[in-house]
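Both ligands and their constituent atoms are indexed starting at 1 by order of listing.
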Amino acid sequence: MNKLINNLRKEENNPAIWVMRQAGRYLPEYRKLRKDAGSFLDLCYSPEKAAEITLQPIRRFKMDGAILFSDILVIPQALGLNLSFVTGEGPELSLLKTVDDIAPLRKNIKNIDKTLSPIYETIKLVKKELSEKHKSSNLIGFCGAPWTVALYMVDNHPSKQNHISRSWYYQHPDKFLDLIDILVEASTHYLKKQIEAGVEVIQIFDSWAGSVPDDMFEDVILKPLLQICKNIKQDYPNIPIILFPKGLHEHQLEKIVKQGCVGIGDNEKSDNRLFEGLGLDYGINLNWAVEKLQPYVCLQGNMDPAYLLTTPEIVRKKTNEILDIIKNSKNNGFIFNLGHGITPQTPIENMQTLIETVKNYS
Ligand code: CP3
């Protein structure tokens with residue numbers, strides 16, 4: 001039974017569930033492993049430990065998707081930038097200082113597996129255990145979208161500052177778009193290697209998609225995302241892809257779906273489409289998305305993670321509200337998820353309530 005994949009193919013009307021950042025700090029068993037390991041990056045590059053962390057939430061909650069434990073910033077690291085994670089501060093990358101630092105990165109694309117190969121080992125270990133013990137859970141691989149990753153390489157802490165990247169694009173569009181293209185190439189290679197190692201679904205995280213003006217959207221969000229999809233589909237047409245472009249406006253979401261799903265494979269069948277799933281953040285009105293987007297694409301989302309900081313009763317009520325909207329839709333294809341990652345402060349009981357409510361809904 002592949003509930004996740006069947007929803008992505010729009011062949012199933014019972015929602016699947018997984019949760020962004022489901023492997024992480026809200027889990028006591030994660031905090032223990034993390035403490036013993038010393039650093040977050042040690043965990044990412046130790047196949048046994050990373051596999052164990054990927055499986056922790058599956059053992060507890062039996063989600064329909066197991067997301068590989070890693071990070072989107074391993075790509076800039078593999079391209080030669082220094083990366084560290086400072087507890088409480090988040091990631092620290094050695095930055096690109098000027099646009100002239102971009103071109104030299106291209107020659108490093110062919111060497112990224114030197115850094116990334118332990119991650120392919122993690123995938124093999126997880127896949128083995130899933131196929132032996134958790135057959136109903138599919139393995140989700142991922143990467144960051146070019147714009148979001150570029151923002152970390154140029155601005156470092158996008159939540160504090162994110163204007164340098166845009167100024168580079170305005171002043172030196174060709175050079176900045178070369179960075180986007182390098183990231184398209186590196187991400188394509190990385191995702192194909194993940195698929196060869198065993199991932200069954202791909203998600204591309206564009207967490208900062210909403211930080212660009214509309215006239216920049218096509219160049220740095222729409223085209224690069226669809227280019228990665230095209231590259232993957234060329235070799236692996238049957239691997240479903242989920243895009244998560246956070247913070248976009250409704251008309252931008254419509255444009256992505258129109259160019260990636262409509263009139264290509266057309267409605268119900270997924271033959272020639274470029275992607276199968278669209279992750280919605282919690283700012284998007286789900287009724288609107290069900291009406292305008294779900295005829296063409298499987299929707300994923302979009303409960304505010306802050307609900308999980310309340311009580312089981314409130315979690316149950318909100319979860320049922322979302323499921324009622326989906327039940328009343330005439331289209332197939334829904335993956336229950338949060339509208340962004342689960343927060344470390346989430347009580348386990350609330351997560352348990354969320355999963356049970358989705359699984360027991362009829
Ligand atoms: O469970 C999963 O979702 C799989 C693992 C995963 C992590 N990061 C683990 C992680 C995934 C898919 C990511 C993606 C990621 N990483 C994104 C895109 C999704 C999003 O949240 O917007 C981004 C922007 C990053 C970059 C990143 N990694 C930041 C900004 C931080 C610090 C903020 C924070 O949440 O601590 C990280 C660290 C990180 N990545 C942790 C985990 C479990 C916490 C590390 C720790 O244990 O200290």
Side-chain angles (χ1 to χ4, degrees), residues 17-46 49-58 60-61 63 65-77 81 83-93 119 122-123 126 137 139-153 155-162 183 187 190-191 194 199 201-211 242-248 279-283 300-302 305 337-346 351:
I17 181 163
W18 70 279
V19 172
M20 288 191 277
R21 291 283 178 99
Q22 66 190 19
R25 286 162 293 182
Y26 74 103
L27 284 175
E29 56 269 39
Y30 171 80
R31 292 197 298 270
K32 175 160 193 325
L33 249 172
R34 170 81 168 76
K35 196 158 150 260
D36 296 346
S39 94
F40 170 68
L41 279 175
D42 283 348
L43 289 181
C44 290
Y45 292 117
S46 310
K49 288 178 194 154
E52 173 61 26
I53 295 171
T54 304
L55 290 159
Q56 282 175 346
I58 306 304
R60 232 186 223 270
F61 304 115
M63 292 93 167
I67 184 157
L68 168 68
F69 182 78
S70 177
D71 199 83
I72 63 168
L73 299 180
V74 296
I75 285 285
Q77 186 181 33
L81 276 63
L83 174 65
S84 59
F85 280 83
V86 185
T87 307
E89 297 284 321
E92 249 345 293
L93 270 179
I119 298 175
T122 305
I123 293 171
V126 177
S137 192
L139 181 53
I140 307 169
F142 71 91
C143 71
W147 166 253
T148 289
V149 174
L151 206 47
Y152 283 96
M153 296 167 81
D155 277 289
N156 207 358
H157 298 120
S159 54
K160 293 184 193 145
Q161 157 191 303
N162 56 41
L183 292 169
S187 307
Y190 179 45
L191 292 177
Q194 290 187 34
V199 307
V201 173
I202 296 289
Q203 174 154 315
I204 306 177
F205 287 89
D206 213 347
S207 307
W208 291 94
S211 66
I242 305 168
L243 302 182
F244 177 58
K246 185 172 180 290
L248 290 188
L280 305 172
D281 63 68
Y282 55 86
Q300 175 176 281
N302 74 337
N337 205 318
L338 302 179
H340 199 192
I342 187 171
T343 60
Q345 301 81 4
T346 296
M351 179 69 150

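Heavy-atom proximity to atom 2 (C) of ligand 1, evaluated over R21, K35, M20, Q56, is greatest for R21. Between atom 24 (C) of ligand 1 and the options Y26, Y152, F205, the minimum heavy-atom separation is to Y152. Of the listed residues (V74, V19, I72), the one carrying the non-hydrogen atom nearest atom 17 (C) of ligand 1 is I72.
Regarding atom 41 (C) of ligand 1, its nearest protein heavy-atom neighbour is F40 CE1, 3.7 Å. The closest protein non-hydrogen atom to atom 40 (N) of ligand 1 is D71 OD1, 2.9 Å. In this structure, the protein non-hydrogen atom closest to atom 38 (C) of ligand 1 is F85 CE2, 3.5 Å. At the shortest separation from atom 21 (O) of ligand 1 among protein heavy atoms lies H340 NE2, 3.2 Å. The protein heavy atom nearest to atom 48 (O) of ligand 1 is R34 NH2, 2.9 Å.
Counting heavy atoms under 4.0 Å from ligand 1, residue K246 does not touch it at all. Contacts between T87 and ligand 1 below 4.0 angstrom, taking non-hydrogen atoms only, are absent altogether. Contact annotation for P57 and ligand 1: no heavy atom of the residue comes within less than 4.0 Å of the ligand.
Under a cut-off of 6.0 angstrom, the local environment of CZ in F85 is crowded, with over 12 non-hydrogen atoms contributed by other residues, nucleotides or ligands.
Proximity of S70 to ligand 1 is established by a heavy-atom distance of less than 4.0 Å. Residue contact check for ligand 1: F244 places no non-hydrogen atom closer than 4.0 Å to it. For the ligand labelled ligand 1, residue Q203 lies outside the 4.0 Å heavy-atom shell.
Taking a distance limit of 4.0 Å, we find that atom 45 (C) of ligand 1 is approached by some protein heavy atom.
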